[in-house]
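On a predicted model such as this, the values are computed, not experimentally measured, just so you know. Residue numbering restarts at 1 for every chain, and letters A, B, ... go by the order of the sequence lines.
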2 protein chains.
Amino acid sequence: MSLNHSNKNQDAGARSLEGDFPLPPGRSLDICQKLQSAILQHRLEPGLKLSEDEVGEVYGASRTVVRASLQALAHSGLVTIEKNRGAFVARPTPREAHEVFEARALIEPRLARMAAETISDADLERLKAHIDAEHAASHAGDMGKALSLSGSFHTAIADIADHKIMAQMVRSLISRSSLIIALYWKRVETTCESHSHHALLKAFSEHDGEAAEEIQKSHIVDLHSGLDLRNKEEKTMRLSDVLSGDA
Amino acid sequence: MSLNHSNKNQDAGARSLEGDFPLPPGRSLDICQKLQSAILQHRLEPGLKLSEDEVGEVYGASRTVVRASLQALAHSGLVTIEKNRGAFVARPTPREAHEVFEARALIEPRLARMAAETISDADLERLKAHIDAEHAASHAGDMGKALSLSGSFHTAIADIADHKIMAQMVRSLISRSSLIIALYWKRVETTCESHSHHALLKAFSEHDGEAAEEIQKSHIVDLHSGLDLRNKEEKTMRLSDVLSGDA
DNA sequence: TAATCACAGATCGTATACAATTAGACTTAC
DNA sequence: GTAAGTCTAATTGTATACGATCTGTGATTA
C-alpha cells in the first residue's frame, strides 16, 4: 500500500514498515505509526494538544507507551513537547518551514541522482504505480491521502538510493513538510506535483542521474515557492472528536 | 566551556546547552548529556550494553527516566535498542560510517559557507579560542577531550550558520562520527585536523563563503579517507567499572 | 469594576510493581 | 563428547500509583 520496500537492504524489524522510528519497541511503534499517519493526513491539526491520558484511551494503551510514542514523534519533528505542559502537534514556524525546504533542496537532489544511477526495473514499476495511485487519490478528492502519497514518493526515492542516513533525514523533512503545507500552502491547483514526478520517473528510467538531480532540485524549489510564509493565528479543538474508529 | 552559544537565536530552555535533545524532560536530559559525553569521549566503548537497571543505579535515577534517555540517544544514533534485549552503545557498520561521511560532505560545506557570510567578530573569537583549547588538549595527550572538542568545532559552525534544521542533522552526524573514529580510525598523526580548522577560521575571518565551503568539503573528504573501513571483532566489558565518579 | 490572590482540578514527571520474553546453564539422551 | 531440551535467573515491556507543576476559576479587596 505504501511503497516502502527498499531494494537492496535486508534489515528486517521495526525499520521496515513506514516511517522508520529508530527505537520505540512493542506497542509504542503502532501508536507512533497511527499518530504519524493521522498527522500526515491532516486529521490532527497543528497545535492540537495530545494529552497522554486521552491518546492512551483512544488507542487502548497505558501512558507509559503513549509517552514513548510522543517522545519519538517529538524527535521526528511532528510533535512538540513542553515541560510540564504536554505534547502538541507541531506548528512549524515560517522560519522552520524555510529551513526544511532549504535542507530538502540540498539533500533530495543528491538522492535523486543516486537513485537514478542504481534503480532497478522493479522499482521503476513501483514508482510508476505510486504515481498512479497519487493521481487517482487526487482526482477522487481525497487530498489528505494524495498529499500523504506525494510525500511517500519522495521517501521512496530515498529508499531506492539506498542511503540509510540520508533517507532517515529525508523522512523527517518530508514529515515536517506535510505540516508546513497544512499551514502555509497557498496554491489552489491540485496538479501541482504530477508533472515533476513524471519527469523524475522519466529521468530514472533513462538512468540519467544528472537530469534527475536537476529536476528534483527545481521541484523542491518550486514547492518552496508555493508557500505563503506568514504567521497564522492559533486554533484549538478536541482530540476525541477527530479520532474515532482508529484504535 | 563548550562553545555552544549560537549567535542570533534566542530560544532558551532544554535546547541551549550542548547536544540538543529535542524532547526528554526533567532528569532524562541530564542523563542523556552525561551518557552522550561519556560515549563521545570514548569512555564507553561501542557495543557496550547499557542495562537500564545498571545505568539507573549509576546515575541514581529510576528505570523510567533512564529508558527515556536511552530512547533519545537511540534516536541520535549513539545507542542501539533491540527489542527485549536492551540498549547498547552503537557500533556503526563500515557502510554506516561511509554514509555518515557522505552526508557530512554534503551538508557541512553548505553550512560553512553560510557561517562565513554571516559570522560576527565575537563568534570568530570564540572559534579561535576553541581551536586553541583543542590544540592544548591534543598536546596534553587527552585524546578523548581533543576529539570531543574537534567535534564541537563542527557543531559550532552549524550553530553560527544559524540553520536549526541542518544544525540538528550535523549534531547527529558528528556524534556518530565520534563512534566511527573510535572504531575505524587508522591514522596515527594527532595533528590531523588543526590545519583545516585554521584554514577555515581564516576563510571565516575574511567572510569568504566560497573558500569556506571548499575547505570544509576537502576537510571532510580527508577525514573520510582516514578511516579503515574493515570489520572489527566485538568486545565486552562491564559498565560499573568504567563509570565511577560520574553521577 | 477590575485586579490580585488562593484554591481546586487536571496533567505531567517519576517511582515502583507485575507480566512477558530472553539468555544462559544444567541436565539428559544419543 | 556432543547436541538437544528444559528450567531458572535476569532483563525488558507495560501498567499503575503517587507526588509535583501548571491552568483556570472563583472569591476577595481596592
Side-chain angles (χ1 to χ4, degrees), chain A residues 12-15 21-35 44 47-75 79-90 234-241 243 247, chain B residues 12-14 21-35 44 47-75 79-90 234-240 243 247:
Chain A
R15 199 177 223 90
F21 299 96
L23 34 110
R27 284 220 298 286
S28 307
L29 208 156
D30 302 350
I31 298 184
C32 269
Q33 292 176 343
K34 288 193 174 124
L35 278 177
L44 267 44
L48 176 68
K49 166 145 195 185
L50 299 173
S51 160
E52 296 178 354
D53 286 323
E54 214 165 347
V55 175
E57 193 171 342
V58 168
Y59 292 118
S62 182
R63 277 183 56 212
T64 308
V65 3
V66 173
R67 257 179 97 77
S69 306
L70 291 175
Q71 285 192 211
L73 289 173
H75 198 104
V79 155
T80 302
I81 292 181
E82 300 176 28
K83 179 170 177 175
N84 279 323
R85 288 202 13 106
F88 306 82
V89 178
E234 304 204 4
K235 280 167 55 175
T236 314
M237 62 177 301
R238 281 300 168 88
L239 173 62
S240 327
D241 308 330
L243 281 178
Chain B
F21 299 95
L23 35 111
R27 283 220 297 286
S28 308
L29 209 154
D30 300 350
I31 299 184
C32 268
Q33 292 177 345
K34 287 192 174 125
L35 279 177
L44 268 41
L48 175 68
K49 167 146 194 187
L50 299 172
S51 160
E52 296 177 354
D53 286 322
E54 215 164 348
V55 175
E57 193 170 342
V58 168
Y59 292 117
S62 182
R63 277 185 55 213
T64 308
V65 5
V66 173
R67 262 179 91 79
S69 305
L70 292 175
Q71 286 191 210
L73 288 173
H75 196 102
V79 155
T80 303
I81 293 181
E82 301 176 28
K83 178 171 175 177
N84 281 321
R85 286 197 19 101
F88 306 82
V89 178
E234 305 203 3
K235 280 169 55 176
T236 314
M237 61 177 302
R238 280 300 167 87
L239 174 62
S240 327
L243 281 178

Would you say B/R27 reaches C/dA15's phosphate, i.e. side-chain N/O to OP1/OP2 under 4.0 Å?
yes

Within-4.5 Å side-chain heavy-atom neighbours: B/L73 and B/L50
no

Rounding to a whole Å, what distance do you find between A/I81:CD1 and C/dC12:P?
10 Å

C/dG13, D/dT14, D/dG13: which one has an atom nearest the side-chain heavy atoms of A/R67?
C/dG13

Expressed as a whole number of angstroms, how long is the span from A/L50:CG to C/dC12:C1'?
14 Å

Using a 3.5 Å distance criterion without hydrogens, assess whether the side chain of B/S69 forms a donor-acceptor pair with backbone atoms of B/S28.
yes

B/V65 has a side chain; which of D/dT16, D/dG13, C/dT14 sits nearest to it?
C/dT14

Find which nucleotide of DNA chain D each of A/G26 and A/K83 is nearest to by heavy atoms, and output the residue with the more 5' nucleotide.
A/G26

In whole angstroms, how far is the P atom of C/dT14 from the CD atom of B/E52?
15 Å

Taken to the nearest whole Å, CZ/A/R85 to C1'/C/dT11 is 11 Å

Give me the atom names and distance for the closest heavy-atom approach of A/E52 to A/V66.
O-CG1, 3.9 Å

Grab the CD-C1' distance between A/E82 and C/dG13 for me, whole Å please.
16 Å

Rounded to whole Å, CD of B/Q71 lies from P of D/dT14 at a distance of 10 Å

Quick check for you: among C/dT16, D/dG13, C/dC12, whose closest atom lies nearest to any side-chain atom of B/T64?
C/dT16

C/dT14 P sits how many Å from A/N84 CG, rounded?
8 Å

Looking at CD1 of A/I81 and NZ of A/K83, how far apart are the two atoms once the value is rounded to the nearest 0.5 Å?
13.0 Å

One should read off an interatomic distance between B/K49 NZ and B/L44 CG, to the nearest 0.5 angstrom, of 14.0 Å

Calculate the interatomic distance between A/Y59 atom OH and D/dA15 atom P; express it in whole Å.
16 Å

With a 3.5 Å cut-off and just heavy-atom distances, do the side chain of B/R63 and the base of D/dG13 make a donor-acceptor pair?
yes

